[in-house]
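Everything on this sheet refers to the single structure shown next.
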2 protein chains.
Amino acid sequence: MRIGELAERTGTSRRLLRYYEEQRLLTPGRCGNGYRAYEEAHVGRVLQIKGLLDAGLPTRIIRQILPCLDGPPSIHFDDLTPEMTDVLEHEHDQLTRRIDCLTRNRDAIAGYLETVRGMRVRRSEAARGRG
Amino acid sequence: MRIGELAERTGTSRRLLRYYEEQRLLTPGRCGNGYRAYEEAHVGRVLQIKGLLDAGLPTRIIRQILPCLDGPPSIHFDDLTPEMTDVLEHEHDQLTRRIDCLTRNRDAIAGYLETVRGMRVRRSEAARGRG
DNA sequence: CTTGACCTTCCCATCAATGTGAAGGCCGGA
DNA sequence: TCCGGCCTTCACATTGATGGGAAGGTCAAG
């Protein structure tokens, strides 16, 4: 698949797909004429990258954690240094912290909305009572 | 408390505290001499802002959701338009999506690390068996 | 053979978050 | 009184994720 189709199927601009490649998040092959050649699997990969970027992770972190998500670790086991597992553990904890922060704030918003709805109901009940 | 102390206690640069104020995320008072005067409560507020920024929310969104996290909504009920609740619901869903994405990836990392540790153990067992 | 829709690289622009430094005011201690 | 450390505003620089255009190559259809 060429860049245009991947862009369409992932809702990403071609520009960004090239940027992700420059950041080594994506490594498409090349056709004889120089066009980038993407695999089916790249669709999911791009969506994953987008999700992580949207969640606030910088590309350099995404680059570090992406290889682990590819398949069974045995594939990547050989070049897995102790420093790498340290990085992964650190990122795991960071993610947990981020998740907690987002969850706290989401729940606060939920609680707020709920209270507001409660007030609405009571208000309209009061209005009915008066009317 | 002046800006230096708040910066120190929150691990934020003075520059950023002024930036947050410019973005209307923080509204310190002023001393007679023009110095910013922060309250104790601003410490938590800054940490919350930092957490949300770090989680990828832009200041304009944080500005919208911060008032809801301040206390009982009744205080802010009067200026709560329907558009505002729409924004909040939208942000709530966005946060949920973000949380799900981060959770999936964190769990994938956890699984990866676990598998790697399992392989380590089996390797060393094999080495003992041979030795 | 031309046209149009792709693709390539290169480069410049933008926006948000942040760093940094200049020029100057306040203030407490030697 | 002067100095050092804090504060002010203003302004320019940088970084990361994007958008956009220019100049040119590829290729299928008319």
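Just so you know, these numbers come straight off a predicted model, no measurement behind them. Chain identifiers are assigned alphabetically (A, B, ...) following the order of the sequence lines, protein sequences preceding nucleic acid strands; residue numbering begins at 1 within each chain.
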Spacing of CG belonging to B:Leu113 relative to CE belonging to A:Met84, to within rounding of 0.5 Å: 9.0 Å

B:Leu25 CG - C:dT18 P separation (whole Å): 11 Å

Intermediate values then yes/no, side-chain contact (heavy atoms from CB on, under 4.5 Å), A:Leu57 and A:Leu95: CA-CA 9 Å; A:Leu57 300 203; A:Leu95 285 177; 3.9 Å; yes

Length of the CZ-P vector between B:Arg30 and D:dC7, whole Å: 12 Å

Collect all protein-nucleotide pairs involving nucleotides 23-27 of chain C in which both atoms are nitrogen or oxygen and the distance is under 3.5 Å.
from, atom 1, to, atom 2, distance (Å)
C:dG25, N2, B:Tyr35, OH, 3.0
C:dC27, OP1, B:Asn33, ND2, 3.2

Nearest-0.5 Å distance, CD of residue A:Glu22 to CG of residue A:Leu17: 12.5 Å

Between C1' of C:dT18 and CD of B:Glu21, the distance in whole Å: 17 Å

Value in whole Å for how far the P atom of D:dT8 lies from CD1 of B:Ile3: 5 Å

Please enumerate all protein N or O atoms sitting under 3.5 Å from an N or O of nucleotides 14-20 of chain D, with distances to 0.1 Å.
from, atom 1, to, atom 2, distance (Å)
D:dA17, OP1, A:Thr59, N, 2.8
D:dA17, OP2, A:Tyr19, OH, 2.6
D:dA17, OP2, A:Thr59, OG1, 3.0
D:dT18, O4, A:Arg15, NH2, 3.1
D:dG19, OP2, A:Ser13, OG, 2.8
D:dG19, N7, A:Arg15, NE, 3.3
D:dG19, O6, A:Arg15, NE, 3.4
D:dG19, O6, A:Arg15, NH2, 3.1
D:dG20, O6, A:Arg15, NE, 2.8

Separation of B:Thr10 OG1 from B:Leu47 CG (nearest 0.5 Å): 6.0 Å

Derivation and outcome, side-chain contact (heavy atoms from CB on, under 4.5 Å), residues B:Arg36 and B:Arg2: CA-CA 6 Å; B:Arg36 289 167 177 82; B:Arg2 282 173 303 170; over 6 Å; no

Heavy atoms from other residues, nucleotides or ligands near CZ of B:Arg60 exceed 12 (cutoff 6.0 Å): no

Derivation and outcome, side-chain contact (heavy atoms from CB on, under 4.5 Å), residues B:Arg9 and B:Glu40: CA-CA 10 Å; B:Arg9 286 177 60 186; B:Glu40 195 62 29; 2.4 Å; yes

Qualifying residue for side-chain contact (heavy atoms from CB on, under 4.5 Å) with B:Tyr20, from B:Leu25, B:Ile62, B:Thr27: B:Leu25

C:dT8 phosphate, OP1 or OP2, under 4.0 Å from A:Arg18 side-chain N/O: yes

Worked check of side-chain contact (heavy atoms from CB on, under 4.5 Å) between A:Leu16 and A:Val46: CA-CA 10 Å; A:Leu16 272 191; A:Val46 169; over 6 Å; no

B:Arg14 CZ - D:dC6 P separation (whole Å): 6 Å

Distance-only donor-acceptor check, side chains B:Gln48 and A:Asn105, under 3.5 Å: yes

Interatomic distance where CG belongs to A:Leu17 and C1' belongs to C:dT9 [whole Å]: 16 Å

Contacting residues from residues 42-49 of chain B, given that a heavy atom lies under 4.0 angstrom of DNA chain C: none

Integer-rounded Å distance: C:dC7 P and A:Leu6 CG: 10 Å

Qualifying residue, where the test is side chain to side chain donor-acceptor pair (under 3.5 Å) with A:Gln94 and the options are A:Arg98, A:Arg97, A:His92: A:Arg97

